[in-house]
Enquirer: 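Handing you a structure now.
Since the structure is predicted, the reported quantities are computational estimates derived from the model, not experimental observations. Numbered from 1 within each chain, the chains take letters A, B, ... in sequence-line order.
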Amino acid sequence: VTPPAADEFELSLFGPGKGECALVHVGDGDWIVVDSCIDRSTDLPVALAYLSELGVDSGRAIKALVLTHWHDDHIQGASLIHAAAPEARFVCSGALNHADFMRLVASAPKFDVTVPDGRDVAEMHSILARIRGRGGPTYAGPDMWAIEGIPVFRDAARNIEITALSPSHHTVTLGHFAVASDLQIEAGRQRRRLVARDPNQTAVVLHVRVGAVVVLLGADLEEGGDTRTGWQGVVGSQVRPAEKASVYKVAHHGSPNADHPDIWTELLHTHPLAVLTPYASGKKPRPAESDVNRLKRNTGHVYCTAPPRGFAPPRRDRAVERTLREVAKNRRALEGAMGHIRFRCPITEPPARPHVELRGAAVAL
Amino acid sequence: MNFDRAISQTMGRQEIVSGLPRATTGIEQPVRNSAPDFYEAPDFYWVPPEKREIEPAAGNESPTTAAPTNSPRHTEVPLIRKPPVELVPRQLEVLQRFEGTVRSVHQPAGEMVVELRDLTHPDAPREVAILELSDVSDPDLEMVAPGAVFYWTIGYEVRTGTRQKTRISELRFRRYPTWKQRDVDQIQREADALASFFGSAR
């Protein structure tokens with residue numbers, strides 16, 4: 001495994017079945033990390049493990065860490081990356097900069113209110129408390145809280161600009177965040193773990209332009225049927241960059257509620273390279289077969305970091321297996337071998353023909 | 001240990017059946033029930049005296065919940081029974097335990113999507129599964145909501161005397177403690193500090 005050349009663009013997408021992390025090499029050994037998941041074989045954030053495998057010093061190479069949203073399949077291990085790269089810009093959704101969210105975050109270190117591994121809200125608390133402890137971001141610019149149109153990373157000399165396309169101003173205005181009230185932290189009320197529900201309207205979609213290469217990272221942004229929010233809000237935005245992308249990290253694991261025809265016509269070139277991670281934790285694993293068919297109607301180049309139908313659960317004692325078959329339906333393992341989709345091309349030329357490498361559990365759909 | 005379990009563990013089934021009174025005296029007694037609890041006595045469970053329907057005595061047409069103390073039927077019933085020597089007639093042989101978290105509840109379908117963490121084999125990957133709400137015991141149903149935590153035990157229940165085995169599957173929901181005012185105040189102070197530092201909207 002060799003690192004990309006100084007003038008080579010790379011997009012690496014990792015996903016073990018539940019979890020997602022993207023790394024972007026913007027040239028000259030500088031990397032942007034978008035979301036985080038854990039590599040079970042090393043119990044480390046996959047971003048740190050991969051950069052180590054490449055022989056790259058994470059502390060110096062990571063220039064920005066973007067958390068598109070705080071769902072547990074996008075945030076596990078993020079605080080370790082933040083700690084390992086103290087000079088990196090930290091970026092998250094501007095819709096989260098709300099007193100309700102801070103209350104939720106503040107509850108994390110003391111109480112068992114998080115999803116099973118306790119790694120989602122606690123990750124946010126660790127990062128925000130560290131920034132506060134430092135007295136503020138170590139970099140200039142109002143770019144920590146991403147909102148549509150705001151560049152979250154820019155280097156004009158190298159023709160690099162990474163711009164947030166969401167959340168929209170309207171989403172932020174709505175204060176589209178009700179998790180803290182869901183938690184109901186009130187004296188006398190019973191505690192429970194938190195299962196994040198619908199903050200996907202607040203996810204940060206990124207438009208990444210590095211030289212001649214343009215990539216759209218769709219996060220988990222959903223389409224809500226309102227022209228001022230979700231994907232319609234992105235398409236209709238007056239402040240988004242105009243360049244179309246030739247590589248698309250498909251939004252929300254290919255779910256139909258995160259798709260819109262205008263994404264494929266207004267934001268992407270025809271037949272782009274589409275990459276995605278699966279999500280095994282829902283009632284219906286994503287992408288479903290219908291999702292794959294829909295994606296393939298838009299492009300012939302679709303790759304997934306793991307089999308969409310999930311991994312087979314481990315075999316257990318025969319009596320246990322009999323009981324499991326009788327009691328549980330649609331049982332599947334959430335995580336398997338880490339899948340990795342890697343795309344590289346020269347920074348100076350638009351990618352003429354997608355060339356991808358598949359590692360681990362990654363598959364072409 | 002609740003009363004019905006105590007009954008099931010201290011008295012043999014036949015003894016209870018033969019000793020069942022036809023009317024109550026206000027003292028807790030096992031009553032035949034059509035919906036047995038799995039772990040408890042299969043054929044009995046405790047019904048509060050005020051909810052018991054009493055078969056009327058001859059000449060009395062209306063059911064009552066208050067047994068006449070001078071009824072000859074009640075004077076026949078021994079109120080205190082000596083428990084047998086064996087106090088634990090059944091043992092649980094655990095084969096598998098999971099810790100589960102409810103991800104979502106689908107009421108029309110009577111199902112819940114859960115994430116499972118293997119407590120027996122901690123290195124096993126987490127799993128997701130769909131379970132029937134009908135497999136949740138009635139007292140726990142009110143706790144079934146996204147974020148609720150439960151323990152799923154699979155194993156054999158073994159009668160110590162006969163060594164007869166019954167394969168069992170039990171879901172038990174965890175009842176979390178409540179928030180204390182002190183905790184809430186601490187959270188609010190930390191939240192205010194973060195919100196002030198980051199200039200958060202209110």
Enquirer: Please rank Pro314(A), Ala129(A), Gly336(A) by heavy-atom pairs under 4.5 Å with chain B and give me the top one.
Expert: Pro314(A)
Enquirer: With respect to chain A, which residue among Ser200(B), Ala191(B), Pro177(B) yields the maximal number of heavy-atom pairs within a distance under 4.5 Å?
Expert: Ser200(B)
Enquirer: Where is the tightest heavy-atom contact between Gly94(A) and Ile147(A), given as atom of each residue plus distance?
Expert: CA-CG1, 4.1 Å
Enquirer: I'd like to know if Glu93(B) pairs up with Arg167(B) as an ion pair, taking the criterion as any Lys NZ or Arg NE/NH1/NH2 lying under 4.0 Å from an Asp or Glu carboxylate oxygen.
Expert: no
Enquirer: Where on Ala145(B) is there a heavy atom nearer than 4.5 Å to chain A: the side chain, the backbone, both, or neither?
Expert: neither
Enquirer: For Val113(B), is it the side chain, the backbone, both or neither that has a heavy atom under 4.5 Å from a heavy atom of chain A?
Expert: side chain
Enquirer: As an exercise: rank Leu131(B), Thr120(B), Val128(B) by heavy-atom pairs under 4.5 Å with chain A and give me the winner.
Expert: Val128(B)
Enquirer: List for me each residue that meets side chain to side chain donor-acceptor pair (under 3.5 Å) alongside Gln107(B), sequence neighbours excluded, and say none if there are none.
Expert: none
Enquirer: Heavy-atom pairs under 4.5 Å with chain A are the metric here; pick the option from Asp192(B), Leu194(B), Thr178(B), Asp118(B) that has the most.
Expert: Thr178(B)
Enquirer: Please state whether the side chain, the backbone, both or neither of Arg175(B) comes within less than 4.5 Å of a heavy atom of chain A.
Expert: both
Enquirer: Quick check on Asn330(A) against chain B: is it the side chain, the backbone, both or neither that has a heavy atom closer than 4.5 Å?
Expert: both
Enquirer: With respect to chain A, which residue among Met143(B), Arg189(B), Glu111(B) yields the maximal number of heavy-atom pairs within a distance under 4.5 Å?
Expert: Glu111(B)
Enquirer: Output the distance between atom CG (Leu95(B)) and atom OG (Ser169(B)), rounded to the nearest 0.5 Å.
Expert: 11.5 Å
Enquirer: State yes or no: are the ring centers of His253(A) and His74(A) separated by less than 6.0 Å?
Expert: yes
Enquirer: Salt-bridge test for Glu132(B) and Lys329(A): reply yes if a basic N is under 4.0 Å from a carboxylate O, no otherwise.
Expert: yes
Enquirer: Could you look at Asp123(B) and say if it's the side chain, the backbone, both or neither that has a heavy atom under 4.5 Å from chain A?
Expert: backbone
Enquirer: At a heavy-atom separation under 4.5 Å, does Phe173(B) approach chain A through its side chain, its backbone, both, or neither?
Expert: neither
Enquirer: So which residue, Ala129(B), Ala195(B), Ala201(B), ends up with the most heavy-atom pairs under 4.5 Å with chain A?
Expert: Ala201(B)
Enquirer: I'd like to verify something: which residue of Ala333(A), Pro16(A), Pro285(A) has the highest number of heavy-atom pairs under 4.5 Å with chain B?
Expert: Ala333(A)
Enquirer: Looking only at non-hydrogen atoms, find the nearest pair between Ile38(A) and Met338(A) and report the distance.
Expert: O-CE, 3.5 Å
Enquirer: Ignoring hydrogens and angles, state whether a donor on the side chain of Ser104(B) or His106(B) is under 3.5 Å from an acceptor on the partner side chain.
Expert: yes
Enquirer: Got Arg89(A) and Val152(A) here, is their nearest side-chain heavy-atom distance under 4.5 Å?
Expert: no
Enquirer: What part of Arg316(A) lies closer than 4.5 angstrom to a heavy atom of chain B: side chain, backbone, both or neither?
Expert: side chain
